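Since the structure comes first, as structure tokens, the remarks are kept for the end.
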Amino acid sequence: MADSTDSRWDKESTRSDSSGKASATTPLLSSASSANIDIPTHTDEFSSLPPEDARILREQVAIPPVKTNLFSVFRYATTYDRMLVTLAFILAIMEGAVKALMPLVFGAITETFTSYFREEDSSPGFQYSNSTMYNSTFYNSTYYNSTYYDEFEYISPEEFQRRVNYLALFFVYLGIADFVLSYSATFLFIDRGEVLASRIKENYLAAILRQNIGYFDKLGSGEITTRISSDTILIQEGMSEKLGYVTENISTLVAAFVVGFSLNYKLTLMMMSIAIFIGVSFIYTSGKMNEYFRKALNGSSAGGSVAEEVLSSIRNVHAFQMQDRLAEKYSVFLDISEHWALRAGIAVGAVTGIMWLSVYSDDALGFWQGANLLARNEITVGQIITVLAAMVEGTFAITNITPHIRSITTGMAAANKIFTTIDRVSAIDTYSTAGRKLENLKGDIELRHVRFIYPSRPTVTVLPDYSLKIPAGKTVALVGASGSGKSTIVGLLERFYAPLAGQVLVDGVDITELNIKWLRQQIALVSQEPTLFGCSIFENVAHGLIGTKYENASEVEKRELVIEACKQANAMVFIDTLPEGLETNVGERGFLLSGGQKQRVAIARAIVGNPRILLLDEATSALDTKSEGVVQDALDRASKNRTTIVIAHRLSTIKDADNIVVMRRGQIMEQGTHDELIAKQGEYYELVKAQTIEAAEEKAKAEREATYAEDDDMMVMDEKAVRMEDLSHVKTTNTLAPIRTSASIFAGQIEEQARKYTALELLKFMLTLSKEENRLNLLGTVFSSIQGLGYPSLGLFYGRCVQAFQAIPDYDYMLREINVFAGLFFMLASVELVASICALGIFAYAGQKLVRRIRIGTFKQIMRQDIAFFDRDENSTGALTATLARDAQAVEGLSGATFGQIMNSIMIVISSMILSLIVAWQLALVCGACVPLLIGSGFYRFYVLTMFQEQAKDSHQVSATYACEATSAIKTVVSLTRESDVMDHYHSTLDKQIRKSRKQSNASAFLYGVAQGMIYLIMALAFWFGSQYLRTREYSIFQFYVTFMSVVYGAQAAGIIFSFAPDMGKAYHATANVKALYDLQPQIDVWSTEGETPQDVQGSIEFRDVHFRYPTRMQVPVLRGLNLKVKKGQYVALVGSSGCGKSTTISLIESFYRPLAGQVLLDGQDISKFNINAYRSHIALVQQEPILYSGSIRENIQLGSLTPVTDEQIVAVCKQANIHDFVMSLPDGYDTLCGSKGTLLSGGQKQRIAIARALIRDPKILLLDEATSALDNESEKVVQAALDAAAKGRTTIAVAHRLSSIQKADIIYVFEGGVVVEAGDHQELMSKKGRYYELVKLQALEKNS
């Protein structure tokens, strides 16, 4: 199964790559073709406005740049944190100094070796004299007095052994010191990094919540998710252990110079030239790296917004088969990211190559010039070796800095983005404590000569000069066409935006003088598309108590208030039917409740706090007629004694208002009571006429409500009301065993599946994924192997150079030998330079191709999953967007520079062991036996990290999802003044995360310390054991140094791998996740080529005894034997109370789910037999909440068609949908941008574009799920006529609450409890005087004359 998925995926990815800008054939640096790729920049769109207007608008959206440096990331450290971080820095500096002390011991031992061996080569005329070693406190004598070699000390074999043993003990002391220091420093850095990164996350979310709403019109919530889930992790990495590694290596570098200058300033100065060369090249290249990584991050963040937008509207994506087209859109941003990340990778290669050039040039220069100084008696052998070892240690320090600097620079680039938001001064600051709080608010509202333009649409004036008075305690209704500025009034009262001129007054006080939080706490808002939060119904309603005297009341008191509010809002009716009642979790954005139920909960939330001002923006548009009547009563009661502003398209809801204001294009056309305006027979009269269906008798209303209140208690539980967790209380194992949906298979098992993969399986998977680059990877491996052969070569050359010192006093022979091998050292340096640049350049190219392929592949694979997959809690939009951002980035931890380093280290170990076994097998075996210990401790650390990585992933996902939910519902959060509440919850989530991670950090740091300290212990063992063979002359100095340098230094270099252990741990886990997702096959698979293609589709639909339950709520029956027929070309309406299964019927026709029993037939054939794509191509869907994507109006309409469309076709469907004239009135016409999720357009405008998008595919079957509920009467009339025209020649199935829109339907099916209770046309059903008749009477508005 996995293999077929892989191959299928490869086809997909190949297709994607061929359409993208950078394909597999792109040369390593395609500067010519892609040098100009970058995120598009915005010109100043306010330049055409008067300066004052431009200033007001600009400050609402402008994001001034911020300069950040390394210490910026510590801005939230407390005194305690600073102390711990300072301690960590001190410990890291001490650890670095310990490494620089090692050359002193190394040089002293080498001096002992050469002196002992010189004795056998020296002529009888020379004798040894006593000289001292360092000073009496360090050992008994030093070799470093610059003694002249005219007489020599004789060292007996016993004395030789005693001295070596004594010096070897110093390695043991250094090992213990290094273990303690590296363990402590690493733990402190990791732990504080986690703590401080959490604070940055908190401050970022707090900053996001304080921004004015205009800021969000320009920013996708996906970008915020990417920043909070991915970028903060990058910051954490840049300020955690990697900062420790860099500090430690800088300390080593400085200490190495101190040691060098204290022994011989001439040689140190000469070798310093190389260090300066490294420093200069390093500063330049890391600057370039930083710049490139920043540009790459811009691309992935923008891509994150696209992904979030797509995944949050997945039903729409499936219905219109947009997967490939949206993947291409996502791919554009990946091209940008890949382009700059590749350049950054090559910069890493260049800097690493320069490091190796420097390391081996150090050896060349040190031996060559050291030998000359020695011949002039200006230095001793011990000093040469110590200065050389110190300089190499210093150069190594810079080499080791390179890979980690990348993390720090990437972290700084990410920090810059985050601090830009944190430091942005919000034009309307929700956290401000300034402003007045009125003692007794009455609720008088006045708008005085208000002029307003949206900051995101500076060319369109919404309110030219608007004035309106609303007396305290009165109800004012705003009616008018879509886009006439009704919702704008609400936005201005809530201070979401600032007017350009005029005043908004509350009790005669300009609202800009009032405290903003206090003001919002006096106002309750119920909007057209209600937003609930992913918690229980009780918690959602209790959010309405924030800022009231009951905010901190007892649980019991709060519960009483909540229950009362739910009763008033007619919500208790359905809440009581839920197994967990008020404690039922509503799911992300309330998706487990139907639209009507969400709306009732939102109304309960609004009225629970008893606000002085109530704003109802289409508050009942999502309710069916029955609920609407009861809720309207509740709202009428709620609006007594408080100022209420009602925005309504459905005029039956506002006939009792004290004042009805009719608006058009931001101006008041007429105002008065219902009866006054009807008498005038003006615009309002026309609107009412359009909405009237039948005469009604008011007196029957009370009886009818009483009857249906009883029925309601018996009603089936809502189709979308119960959490998955409830399954644990219901014994459904046997009865439901055969039912397997992709979601139930998934059921969190992607995690289980990910854990089951072996490393070999994951390697095979990665090779399959990167097969296009496998040849390149092979070439990169060859270059890495050449690079890895540097250490055995070093051993050979080093051994010969040290052996040459034995020839003293034959200086001519010594100089001849050393000149040859110094030259070979320089040749080695040049080879390593070329090999490094080639290896890392190739790996960077292959790595970026892989990351891009994984991102696009994962995105496509997620979009491939059926709808049941997205119904699950763990697959929320926030979690999936975070996974998309994080996993591909983590897999990069095993590609590019890291992979090059791993291959290099493996080659070092293998080649060093082979050479050593040939040269001195006993010593090689003893030293080699220690290498597995060193590597083993590194691998165990890697294992520990992998285990804990899973926990970290879960907790990061929880916090990222929560933050995404809060930011995507920003208007609701600020209108409820939930900012502090959100921050408290977020803080506790992060706090738990930190406590969990501490154990992992401790184990990881401990094992790192073991690996660091063990190197010195291995050195001690090597010198002690090797000295036994040197003492008896079984080994020469050459044999000893070849083996020692190859194995011990080789093992040390191999140990560098484990500083990458965290990256490898993350990469391993991310790869397992990606593979688990790739292996996941949905039940309804849009990639499948199986199934019949419907031929000559007529468009007749039939449901035969269909039973259905949602896969995530198997114990709740939704359809219970549904039977209905829709003939070719018929216009059929589905009506009924909220939760009766109407929208579920639409979902089954779209084949989003499969029925549990029964059949859905198209032209007499079971739709499950058809190929899903061929079947859906004949259907178009218009949903209740219209969904548009960022991009132009033209692009959004084009998404409806599977084939390219002409401008003429687009204009034709827009005229049908009554949107053409509006589009042409915009400055950019069809190229006008819609904003993220269409935020720049009103609800009605979005809906009409969505209708145009549905019509462009010329469907045989048109599904309208509340398609006109968001439209005002004027638009609805025209759109309804357009839909009637569009319905000719095609089958149309409409779900409607507003019965005026479906009275001309051929058949109306009345649903109740998951079955059809009545069917017939409007006249037939009215004459029956049954369920439909009652619904119609509820909606009747005027008395029959």
Side-chain angles (χ1 to χ4, degrees), residues 84 87-110 112 133-134 137-140 162-191 241 244-245 247-252 254-256 258-259 386 389-390 393 396-397 400 926-927 929-941 944 1001-1027 1044 1047-1056 1058-1059 1061:
L84 288 180
L87 177 61
F89 271 112
I90 291 167
L91 292 169
I93 290 166
M94 287 168 70
E95 189 201 347
V98 163
K99 285 189 169 66
L101 292 176
M102 186 275 293
L104 291 170
V105 189
F106 189 62
I109 290 189
T110 307
T112 307
M133 221 164 86
Y134 287 55
T137 56
F138 195 61
Y139 325 145
N140 291 334
R162 189 190 68 74
R163 286 188 185 180
V164 172
N165 291 354
Y166 181 73
L167 291 169
L169 271 177
F170 279 92
F171 281 119
V172 175
Y173 305 147
L174 288 174
I176 293 166
D178 202 349
F179 162 71
V180 172
L181 293 168
S182 59
Y183 161 53
S184 309
T186 306
F187 173 71
L188 285 174
F189 272 118
I190 296 176
D191 186 55
E241 72 269 38
Y245 300 150
T247 307
E248 162 207 324
N249 284 300
I250 289 172
S251 164
T252 302
V254 173
V258 171
V259 168
T386 301
E393 198 71 52
F396 256 130
N400 292 348
V926 170
C927 293
C930 301
V931 173
L933 282 174
L934 183 71
I935 291 175
S937 65
F939 263 117
Y940 188 65
R941 177 181 187 227
V944 167
S1001 311
N1002 194 24
S1004 172
F1006 179 81
L1007 291 163
Y1008 175 70
V1010 168
Q1012 290 298 96
M1014 207 175 280
I1015 293 165
Y1016 296 102
L1017 303 182
I1018 294 172
M1019 282 186 178
L1021 176 66
F1023 276 114
W1024 172 78
F1025 185 78
S1027 67
F1044 178 81
V1047 178
V1048 179
Y1049 268 29
Q1052 191 175 355
I1056 291 173
F1058 300 114
S1059 58

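Bear in mind that the values here come from a model prediction, so they are computed numbers and not experimental data.
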Pairing residues for A92 by the side-chain contact (heavy atoms from CB on, under 4.5 Å) criterion, not counting sequence neighbours: A185, F189, T247, E248
task: Report the residues that fulfil side-chain contact (heavy atoms from CB on, under 4.5 Å) with F1006, sequence neighbours left out, ordered by chain and then residue number.
output: F179, Y183, V1010
field: Heavy-atom closest pair, residues A108 and T386
entry: N-OG1, 4.4 Å
statement: Here the gap from L1021 atom CG to M1014 atom CE, rounded to the nearest 0.5 Å, amounts to 12.0 Å
message: Nearest 0.5 angstrom please: Q1012 CD to L1007 CG, how far?
response: 12.0 Å
message: According to side-chain contact (heavy atoms from CB on, under 4.5 Å), who are the partners of L84, at least two apart in sequence or on a separate chain?
response: Y80, L188, R192
- request: For A1022, enumerate each residue passing the side-chain contact (heavy atoms from CB on, under 4.5 Å) test, keeping only those at least two apart in sequence or located in another chain.
  value: C927, F1044, V1048
task: Could you name each residue pair satisfying salt bridge (Lys or Arg N to Asp or Glu O under 4.0 Å) that touches residues 171-188, not counting sequence neighbours?
output: K99-D178
- request: Nearest 0.5 Å please: distance from the OG atom of S1027 over to the CD1 atom of I109.
  value: 8.0 Å
message: Taking the side chain as everything from C-beta on, heavy atoms only, tell me whether L167 gets closer than 4.5 Å to F106.
response: no
- request: Answer whether the closest heavy-atom distance between the side chains of L1017 and F171 falls below 4.5 Å.
  value: no
query: How long is the span from the CZ atom in F170 to the CG atom in L101, to the nearest 0.5 Å?
result: 10.5 Å
Least distance between heavy atoms, T186 atom then Y1008 atom: OG1-CD2, 3.3 Å
- prompt: Say you draw a straight line from CD1 of I90 to CD of E95; how long is it, rounded to the nearest 0.5 Å?
  reply: 14.5 Å
message: Quick check: closest heavy atoms across A390 and V259, and the distance to 0.1 Å?
response: CB-CG1, 4.3 Å
query: If you take all heavy atoms of M102 and L174, which pair is closest and at what distance?
result: CA-CD1, 3.9 Å
task: Would you name the heavy atoms of A177 and V98 that are closest together and state the gap between them?
output: CB-CG2, 4.3 Å
statement: So the salt bridge (Lys or Arg N to Asp or Glu O under 4.0 Å) pairs with at least one residue in residues 182-191 (sequence neighbours excluded) are D191-R998
query: Is there a donor-acceptor pair closer than 3.5 Å between any side-chain N or O of S251 and the backbone N or O of A97?
result: yes
